[in-house]
Every structure is written in structure tokens, then in C-alpha cells.
Amino acid sequence: MAIIPTDLLDRIRTLERQIRDLMGSANTNPALNEIMGGDVVIGDGGRLRVRTKGGEDLLYLGKVEPDRNEKTPQQGLVVRRDDGSLALTVWTGAPDTLPTQPVQIFDRRGNVVVADDAAHHGLARPYIPYPLPEPVDTARWEGTGATTWTTLYRGPGIVQHPRLYCHIAAQGTAGAEVQLLVDGTPVGGVGSPGPGLVFTEPLSVDFGATAVFEVQAKVAAAGDTIRCRPLALYGIQS
């Protein structure tokens with residue numbers, strides 16, 4: 001019988017012990033579908049992709065289409081319902097004309113029901129009407145014969161959009177005018193009997209601030225009259 005060197009036997013025993021240790025640690029390590037601590041990093045244009053049992057995409061997190069250009073991928077978030085319809089996106093479909101990614105929530109028909117304004121600040125959807133200003137002088141209601149600007153309606157509104165849509169109807173004699181003031185500053189020019197006052201203009205008011213809206217009117221000459229009524233004040237996107 002061949003004589004086996006003692007050091008070789010020691011090495012064999014060491015290898016056996018190491019194998020037993022490895023087998024034991026394999027049985028005690030956390031499952032590969034659990035993260036007990038630390039970070040998961042997906043880089044270099046990669047993405048996290050979640051699919052339904054039927055192979056339909058539910059979520060993209062990371063690289064999304066279209067790319068910003070040939071060298072720059074677009075990074076974002078796309079979430080779908082399990083019926084395939086879009087639910088939530090942080091993504092732009094036109095990186096060349098709209099580089100800023102809006103956050104959008106969709107209904108099941110694909111309509112954007114909630115979105116932030118990608119060009120400036122605040123909301124893009126939904127359009128939220130400002131409360132209509134109330135008459136100041138209830139005896140005269142919505143008319144005046146004054147030749148100087150006279151406030152007929154005044155009321156507060158909380159600003160949530162970067163622009164304002166206004167529609168004020170007006171009837172009266174030729175030369176009469178109507179205007180809207182926001183915090184004491186005229187916005188959108190003046191209107192006249194017939195066409196009234198219709199405009200869309202930026203609002204120089206901080207997001208979430210309470211602004212005071214006033215409707216003023218005046219006539220060109222003594223004895224003339226003008227009547228007006230605010231029909232709509234909406235905050236809208238850029």
C-alpha cells in the first residue's frame with residue numbers, strides 16, 4: 001500500500017471541512033428574492049421591468065422610450081394597469097419640444113386627469129375654476145353709470161396654475177369698458193359691450209397664494225350705462 005504523506009491528508013480534511021461549511025452557508029443565506037439591507041443599483045441605461053403572468057408590462061423604471069437624442073437615453077417611470085392601460089408616467093413623449101418630464105395620471109380611457117405643468121409650475125390638469133367674485137354694491141348689482149373705474153365684483157381665489165382664463169360678459173352703451181384686476185393690478189386688457197372681456201394671461205402670483213379678483217367697469221360719458229357679469233375664471237397650464 002502506498003504511503004500517503006501526512007500533509008496531503010491534512011489538505012484533504014481541510015477541503016472536506018470547507019465543503020461542509022459552504023453547503024451549510026448555502027442553506028442559511030437569505031432567499032435571492034429578498035433584500036435584507038443595502039441598495040439595488042441599476043445603471044448604464046438599465047431599467048427595472050415588471051410584467052404580469054401573461055407577459056404584459058406593468059412597470060418600467062429607468063430607461064424609457066423615446067430617447068432624448070442619439071447619445072442620451074430618457075430615464076423615467078411608466079406604470080400600467082393589469083389591463084394594459086396607462087396609469088402613471090414620469091416621461092415625455094417629445095423630448096425635442098418638451099424636454100421636461102410632466103407627471104401625469106391617466107384614467108382608463110387614456111385621458112390625463114391630473115398633471116403638473118412641465119413648462120413652469122403648479123397644475124396643468126385638471127382645470128380648477130376660481131370662485132366667481134361677488135357684487136360689492138348689491139343695490140346696483142352688476143351695472144354702473146360711473147365714468148371712472150368702479151369695482152362691481154370682488155372675491156378671493158387660491159392660485160394653483162401659472163395662467164388665468166377669464167370670460168366676462170358685458171352689455172351697455174358704446175365706449176363703456178370692463179376690466180379684471182388681480183391683487184389690484186389689471187390683467188388681460190379691457191373689454192367692451194358685446195364682445196365682453198375674454199383672455200388667457202400669465203399670473204404673477206406665487207403658487208398656493210390667495211389672490212383677490214376684482215371686476216371693474218366704467219362708461220364713456222355721464223348718462224351711459226354698462227352691465228357686466230363674470231362667467232368664468234379658470235386656472236390653466238402654460
Side-chain angles (χ1 to χ4, degrees), residues 45 47 59-80 85-134 149 151 153-169 177-191 195-216 228 230-238:
R47 64 185 173 190
L59 179 145
Y60 288 107
L61 178 58
K63 185 179 184 300
V64 294
E65 301 294 339
D67 291 336
R68 293 191 176 277
N69 53 56
E70 294 180 356
K71 298 181 179 180
T72 307
Q74 180 182 180
Q75 305 290 320
L77 170 68
V78 177
V79 180
R80 295 183 180 273
S85 61
L86 275 177
L88 170 69
T89 63
V90 182
W91 164 86
T92 175
D96 52 342
T97 58
L98 184 65
T100 302
Q101 296 174 320
V103 178
Q104 298 179 317
I105 299 176
F106 299 80
D107 66 10
R108 291 186 176 274
R109 295 181 178 270
N111 299 308
V112 178
V113 294
V114 178
D116 68 339
D117 190 277
H120 288 89
H121 62 267
L123 284 173
R125 293 287 191 277
Y127 291 173
I128 299 177
Y130 294 103
L132 296 180
E134 295 292 334
W149 287 114
T151 298
Y153 299 87
R154 179 186 292 123
I158 299 174
V159 176
Q160 300 185 65
H161 298 76
R163 292 201 302 169
L164 172 71
Y165 168 77
C166 170
H167 184 185
I168 300 174
E177 295 178 325
V178 62
Q179 69 176 2
L180 178 75
L181 280 68
V182 180
D183 285 342
T185 302
V187 177
V190 298
L197 178 62
V198 181
F199 66 83
T200 301
E201 291 289 339
L203 272 179
S204 299
V205 181
D206 292 336
F207 175 78
T210 299
V212 176
F213 297 87
E214 293 181 76
V215 177
Q216 293 185 340
C228 64
L231 300 179
L233 289 177
Y234 277 89
I236 63 174
Q237 85 275 24
S238 299

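Here the side chains of Leu164 and Tyr234 are not in contact, with every heavy-atom distance at 4.5 Å or above. In this structure, Arg125 and Gln104 have side chains that are not in contact, with every pair of non-hydrogen atoms separated by 4.5 Å or more.
With hydrogens and angles disregarded, no donor-acceptor distance shorter than 3.5 Å links the side chain of His120 to the backbone of Gln237. In this structure, Tyr130 contributes its side chain and Gly155 its backbone to no donor-acceptor pair below 3.5 Å. Side chain of Arg47 to main chain of Gly62: no donor-acceptor pair is present (N/O by atom type, distance under 3.5 Å, no hydrogens or angles). Formation of a donor-acceptor pair under 3.5 Å by the Thr92 side chain with backbone atoms of Leu98 is found in this model. A donor-acceptor pair under 3.5 Å links the side-chain atoms of Arg68 to the main chain of Pro99, judged by distance alone. Distance alone, capped at 3.5 Å, places no donor-acceptor pair between the Asn111 side chain and the Val113 backbone. A donor-acceptor pair under 3.5 Å links the side-chain atoms of Asp183 to the main chain of Val212, judged by distance alone.
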Please step through side-chain contact (heavy atoms from CB on, under 4.5 Å) for the pair Thr151 and Gln216, ending with a clear verdict. CA-CA 4 Å; Thr151 298; Gln216 293 185 340; 3.0 Å; yes
Val103 and Leu88: side-chain contact (heavy atoms from CB on, under 4.5 Å), yes or no, with the steps? CA-CA 7 Å; Val103 178; Leu88 170 69; 4.2 Å; yes
Just do the side-chain contact (heavy atoms from CB on, under 4.5 Å) check on Phe213 and Val182 with the steps written out, would you? CA-CA 5 Å; Phe213 297 87; Val182 180; 3.8 Å; yes
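Closest approach of Val159 and Ala211 over heavy atoms only: CG2-CB, 4.0 Å. Between Leu197 and Leu180, the closest heavy-atom pair is CD2-N, 3.8 Å. Scanning both residues, Gly45 and Gln75, for their nearest heavy atoms gives CA-NE2, 4.1 Å. Shortest non-hydrogen contact noted between Pro95 and Pro66 is CD-CG, 3.7 Å. Pro133 approaches Leu233 most closely through the heavy-atom pair CD-CD1, 3.8 Å. For Val198 against Pro195, the heavy-atom pair with the smallest separation is CG2-O, 4.3 Å.
Using a 30° and 60° split on the angle between ring planes, Tyr127 and His161 fall in the perpendicular class, above 60°.
Going from atom CZ of Phe199 over to atom CZ of Arg163 covers 11.5 Å, rounded to the nearest 0.5 Å. Of the inter-residue distances, the one linking Ile105 atom CD1 with Thr89 atom OG1 reads 9.0 Å to the nearest 0.5 angstrom. Taking CD1 of Ile236 as the start and CD of Gln160 as the end, the distance is 14.0 Å to the nearest 0.5 Å. Between the CD atom of Glu177 and the SG atom of Cys228 there is a distance of 12.5 Å, given to the nearest 0.5 Å. The CZ atom of Phe207 sits 11.0 Å away from the CG atom of Asp117 when rounded to the nearest 0.5 Å. In this structure, Tyr60 OH and Leu77 CG are separated by 12.0 Å, a value rounded to the nearest 0.5 Å.
Between Val78 and the options Leu59, Leu61, Leu86, a side-chain contact (heavy atoms from CB on, under 4.5 Å) holds for only Leu86.
Atom CG of Asp67 has more than 12 neighbouring heavy atoms from other residues, nucleotides or ligands inside a 6.0 Å radius. A 6.0 Å sphere centred on CD1 of Ile158 holds no more than 12 heavy atoms belonging to other residues, nucleotides or ligands.
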